[in-house]
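The structure under discussion appears below in the form of structure tokens.
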Amino acid sequence: MPFSVELREKINQIISKSETRQSALIPTLHAVQREYGWLPNECMSEVAEILDIPPASVQNVATFYTMFFTKPVGKHVIWLCRTLSCALRGAEHVEHYLSEKLGIHTGETTTDGKITLLEAECLASCGTAPAMLVDDELYENLTRKKIDELIEKLKKD
Amino acid sequence: MPEMRIIRTYVDKPNSESIESYTASGGYTALPRALKMGPLEIIDEVKKSGLRGRGGAGFPTGIKWSFVQRDSKQPIYLCCNADESEPGSFKDREIIERDPHQMLEGIVIGCYAINSHKCYIYIRGEMPKGARILERAIRESYEKGFLGKNILGSGFNLDVVLFVGAGAYICGEETALLESIEGKNGEPRPRPPFPAQVGLFGCPTIVNNVETLTCVPHIINRGAEWFASIGTPKNTGTKIYGLSGSINKPGLYELPLGISLRELIYEYGEGIRNGKEVKAISPGGGSAAVLTAEEINIPMDFDSLARAGSMLGTAGVTVIDDATCMVRVAQNLAHFYRDESCGQCVQCREGTWWLEKMLTRIEEGMGRMEYIDTLIDACFQMKGTTICALADGCAMPVESIVKKFRHEFEEHIKLGKCPFGNKYMGIWDGSD
């Protein structure tokens with residue numbers, strides 16, 4: 001799976017700015033995941049080859065960090081915070097509501113491939129709990145209405 | 001009483017994150033002053049101010065800076081720790097999103113003081129908005145000559161690189177943060193050597209928290225004596241306290257170090273929501289030992305909380321009301337640490353897992369009386385026996401909950417179920 005010219009260019013830029021080839025790995029994985037939505041094996045092998053580092057090292061790092069996906073995920077990913085401050089303000093209730101609404105359990109993807117629901121650890125939004133990160137946006141002080149509107153939007157996209 | 005806003009002065013102002021807003025309100029005036037003072041005088045001033053690290057450990061910043069061998073033949077790095085992930089902590093995110101140039105100015109001054117020409121800002125992957133804002137702020141600073149070559153004609157050069165993490169609480173631990181920038185798993189390093197000697201890429205490195213660096217321009221502009229006059233003699237300056245959980249007015253409050261927990265909860269947080277009472281307080285982020293309602297008069301500073309067997313940590317205060325099951329609270333926290341353990345040390349990898357498992361059994365009515373002492377014993381064995389403090393961060397809250405709320409554990413076991421009987425933790429009415 002050869003990368004596109006644009007992605008190769010982006011990776012070359014990352015390498016040129018990095019102290020070592022290994023230290024280019026995490027920014028490179030971010031760039032690859034942005035393009036593919038997740039990190040298929042073939043992509044990880046390609047990254048290892050481009051950076052000239054062991055393939056096992058790429059696998060190792062990709063599986064250590066929770067935001068790197070080594071399995072396919074939906075077009076949109078919901079990270080619902082479950083940690084104490086959010087839990088005290090109803091994160092478990094929110095999880096139940098989302099789960100019912102989407103027809104999936106936490107950790108699963110809707111059958112249309114649109115939305116994956118995941119559990120996040122503290123999102124640094126404790127003062128505006130309950131909170132969730134959806135793709136690149138944070139949603140705070142969650143209410144049923146906010147969730148309904150958001151899901152509607154995500155489903156249409 | 002109003003807050004004592006120093007860092008938070010402009011956070012509510014529209015566009016406060018822009019360089020125009022920052023310079024219009026007197027920003028980037030500490031930098032020329034610092035460049036005139038010279039590095040050693042800056043370090044001396046920060047030492048005299050009494051500033052202690054705001055990331056959790058409370059180590060004196062000026063002393064930390066003086067650990068770096070300034071004439072090192074290797075490059076010297078400053079890493080700004082923006083990996084804010086401690087349960088209950090949300091102060092750094094506001095600085096990053098609402099007033100990032102304050103932090104950048106602190107970074108330039110800090111780098112000049114320790115003779116560093118490259119700074120990494122490590123922001124957690126779950127803060128995409130913060131990363132966007134910081135990217136823009138860094139670009140603006142380069143354009144105005146506050147970053148880059150020959151800063152303000154001083155001959156001092158500095159590059160700042162934004163490094164985006166990918167989801168790992170452990171990377172907030174300073175040596176795990178360095179491993180992560182190097183492109184590896186965030187596994188903490190044994191110390192010694194300390195990062196000031198052998199840090200990023202084997203070079204001398206200082207790691208400072210966002211809020212710590214943000215204090216620096218204010219110290220340079222208004223003087224060490226002014227800063228030291230706020231708070232208490234050994235806990236100087238203001239602190240951004242985060243209030244969350246079962247509280248009427250959750251949010252951030254900037255107040256002098258040493259304010260009482262009672263004042264914070266009742267005066268600023270306006271008491272407990274839904275007409276409930278305080279049952280327990282996690283005073284300094286998830287890793288701190290919890291306090292009971294009887295301990296509420298404690299001054300919120302590093303030393304007073306340490307004396308009480310807890311810690312100020314990041315000053316993220318989570319308030320727990322009396323309708324909450326404490327076994328569930330312990331289980332929630334143990335789950336966090338089990339999830340976030342890097343797995344290097346046996347005591348942490350196995351300990352966090354066993355604690356969560358035992359707490360779940362008790363919560364689900366399958367506990368036995370001997371579990372209670374086993375929990376305390378497991379916590380004891382986890383403390384101080386690992387490379388980093390994550391295991392302690394799990395053991396301290398769990399142990400304190402078991403010891404201070406033992407009766408709730410006994411009741412669960414006697415009844416064979418949770419006496420609170422709630423399917424889901426907490427309260428959510430879900431209305432707008």
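Chain naming here is simple, since letters A, B, ... match the order of the sequence lines and numbering starts at 1 in each.
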- Report the distance from atom CZ of B/R93 to atom SG of A/C126, rounding to the nearest 0.5 Å. 8.5 Å
- So what's closer than 4.5 Å to chain B heavy atoms on A/H93: side chain, backbone, both or neither? both
- Between A/L138 and chain B, which part of the residue has a heavy atom less than 4.5 Å away: side chain, backbone, both or neither? side chain
- Non-hydrogen atoms of chain A under 4.5 Å away: do they reach the side chain of B/E340, the backbone, both or neither? side chain
- Determine, step by step, whether A/Q22 and B/F201 satisfy the side-chain contact (heavy atoms from CB on, under 4.5 Å) criterion, reporting the C-alpha distance in whole Å, the side-chain angles of both residues, the deciding distance to 0.1 Å, and the verdict. CA-CA 11 Å; A/Q22 182 77 36; B/F201 305 112; over 6 Å; no
- In sequence, state the C-alpha distance, the side-chain angles, and the governing distance for B/K184 and A/F64, and then conclude on side-chain contact (heavy atoms from CB on, under 4.5 Å). CA-CA 9 Å; B/K184 300 180 235 163; A/F64 182 86; over 6 Å; no
- Query: For chain B, which of A/I53, A/T20, A/T83 has the most heavy-atom pairs under 4.5 Å?
  - Reply: A/T83
- Using non-hydrogen atoms only, which part of A/T128 is less than 4.5 Å away from chain B: side chain, backbone, both, or neither? side chain
- Item | Minimum side-chain heavy-atom gap B/Y169-A/C122 below 4.5 Å | no
- At a heavy-atom separation under 4.5 Å, does B/K91 approach chain A through its side chain, its backbone, both, or neither? neither
- Query: Side chain, backbone, both or neither: which part of A/I147 has an atom under 4.5 Å from a heavy atom of chain B?
  - Reply: side chain
- Tell me, with the steps shown, if A/E19 and B/K118 meet side-chain contact (heavy atoms from CB on, under 4.5 Å). CA-CA 11 Å; A/E19 265 88 347; B/K118 188 156 184 182; 3.2 Å; yes
- Item | Qualifying residue, where the test is side chain to side chain contact (heavy atoms under 4.5 Å, CB included) with A/R89 and the options are B/P250, B/S246, B/S244 | B/P250
- Do B/Y337 and A/E121 meet the criterion of a side-chain donor-acceptor pair at a distance under 3.5 Å? no
- Name the region of B/I170, side chain, backbone, both or neither, that has any atom closer than 4.5 Å to a heavy atom of chain A. side chain
- Item | Candidate pair A/D136 and B/K129, rule side-chain contact (heavy atoms from CB on, under 4.5 Å), full reasoning | CA-CA 7 Å; A/D136 276 353; B/K129 184 181 176 190; over 6 Å; no
- Task: Select one option (side chain, backbone, both, neither) describing which atoms of B/D339 are under 4.5 Å from chain A's heavy atoms.
- Result: side chain
- Note on the structure: CZ of A/R82 to CZ of B/F336, rounded to nearest 0.5 Å, is 8.5 Å
